[in-house]
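This report concerns only the one structure given below.
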Amino acid sequence: MKKTILTGDRPTGKLHLGHYVGSLQSRVALQHEYDTFIIIADVQALTTNWDNPDQLAGDLHEVAMDYLAVGIDPSVATIFVQSMVPQIAELTIFYSMFVPVNVLRHNPTIKTEAAQKGYNDMNYGFLGYPVSQAADITFCKAHLVPVGKDQAPHLELTRQIARRFNSLYGEVLVEPDAMIQPLLKDLDGNTKMSKSIGIAIYLSEPADEVLRKVKTAVTDPARIRKDDPGHPKVCTVFAYQKEFNKSFAPELEKICKKGEIGCVECKKRLAAALNEMLEPIREKRTYYESHLDEVDDILQAGTQRAISVGAQTLAEVKEAMKIDYFG
Ligand code: TRP
């Protein structure tokens, strides 16, 4: 029997290189080895965008198309929509009985996000989304969850919930392992790549835009003239070259240190490498953009499968909690 992976994203717009490095590439690499579930977490998106629901349907399709474009294969992986799997909502309620509010209040990712959004009195749904995320992960008894580093506190909570449940009611849930991926720095060198701050390069970005954005990236501040010796260690563009242009990075490191390549040339090489990687992704995405009915069929079939897997887990959960009154 294959082990199970679950991971996913909030539908808040197109996915970018940070998502690719943080999670998409491992999903694609592992999808044949694991039974893979990918959640489009629209309910979780509502925890911050409840007042702007018009955006949701469009964003859901953007994310689904990005998944298909990067090579997630719907014949082996199950892509589904969170709000359409009622078992996830039910599990969330049951788990919420034994999660202390202070554990959620002290969750570092919740704190950071709340500060970014300027919340002082958080909504109940937002404070509780890590509990709902535990339901996302456990409804299919996932063994492994590939996510970026910012998700580590949520994974820890999921593991605690699974342990707590099993010790209270009997062994039903699987305690998942986190597969934590490094976060990609933003091209401005400071924050992680994000939609709201800095310079995000989307997977669907046109080639000339990729070049334009790479040109604005921050390099070694000590380098003023082209032939000044560079310090690749502190250079954001070099970090990207190591990630996306692996074969060139060792030589680049040498010639940059000797001042034999200028930043402009280096950025052009990075943009070329990115565009080479993104071109087949863009091509596949263009196909799905004009075949949205296929995307819908994939989501609906995936959601049906998630519902039947969820129903099985929920039945076991209810039995263990002794709330299956009529057999
Ligand atoms: N919280 C994740 C994010 O913001 C999205 C997500 C929802 C998720 N449910 C999940 C990730 C379950 C992994 C597993 O990106």
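We number each residue from 1, following the sequence as shown. Below, all heavy atoms of this structure are taken into account, side chains as well, without hydrogens, waters or symmetry copies. All values derive from a computational prediction rather than experimental measurement. Read the numbers this way: they start at 1 and go in the same order the structure lists the ligands and their atoms.
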Could you list, one pair per line, each nitrogen or oxygen of ligand 1 together with any protein nitrogen or oxygen closer than 3.5 Å, giving atom names and the distance rounded to 0.1 Å?
{"unit_1": "ligand 1", "atom_1": "1 (N)", "unit_2": "Gln44", "atom_2": "OE1", "d": "2.7"}
{"unit_1": "ligand 1", "atom_1": "1 (N)", "unit_2": "Gln133", "atom_2": "OE1", "d": "2.9"}
{"unit_1": "ligand 1", "atom_1": "1 (N)", "unit_2": "Gln151", "atom_2": "OE1", "d": "2.8"}
{"unit_1": "ligand 1", "atom_1": "4 (O)", "unit_2": "Arg10", "atom_2": "NE", "d": "3.3"}
{"unit_1": "ligand 1", "atom_1": "9 (N)", "unit_2": "Asp136", "atom_2": "OD2", "d": "2.7"}

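Within 6.0 Å of OH on Tyr119 lie more than 12 heavy atoms contributed by other residues, nucleotides or ligands.
With sequence neighbours excluded, the residues satisfying side-chain contact (heavy atoms from CB on, under 4.5 Å) with Pro74 are Leu68, Ile298.
A salt bridge does not link Arg163 with Glu171: none of the charged nitrogens is closer than 4.0 Å to a carboxylate oxygen.
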Going by atom type alone, with no hydrogens or angles, which donor-acceptor pairs under 3.5 Å involve a side-chain atom of residues 249-271 and a protein atom two or more places apart or on another chain?
{"unit_1": "Lys267", "atom_1": "NZ", "unit_2": "Lys215", "atom_2": "O", "d": "2.8"}
{"unit_1": "Lys267", "atom_1": "NZ", "unit_2": "Ala217", "atom_2": "O", "d": "2.9"}

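Other members of the cluster containing Met1 do not exist, because no ILVMFWY side chain is joined to it at under 4.5 Å.
Taking the six-membered ring for Trp and the full ring otherwise, Tyr287 and His291 have centroids separated by under 6.0 Å.
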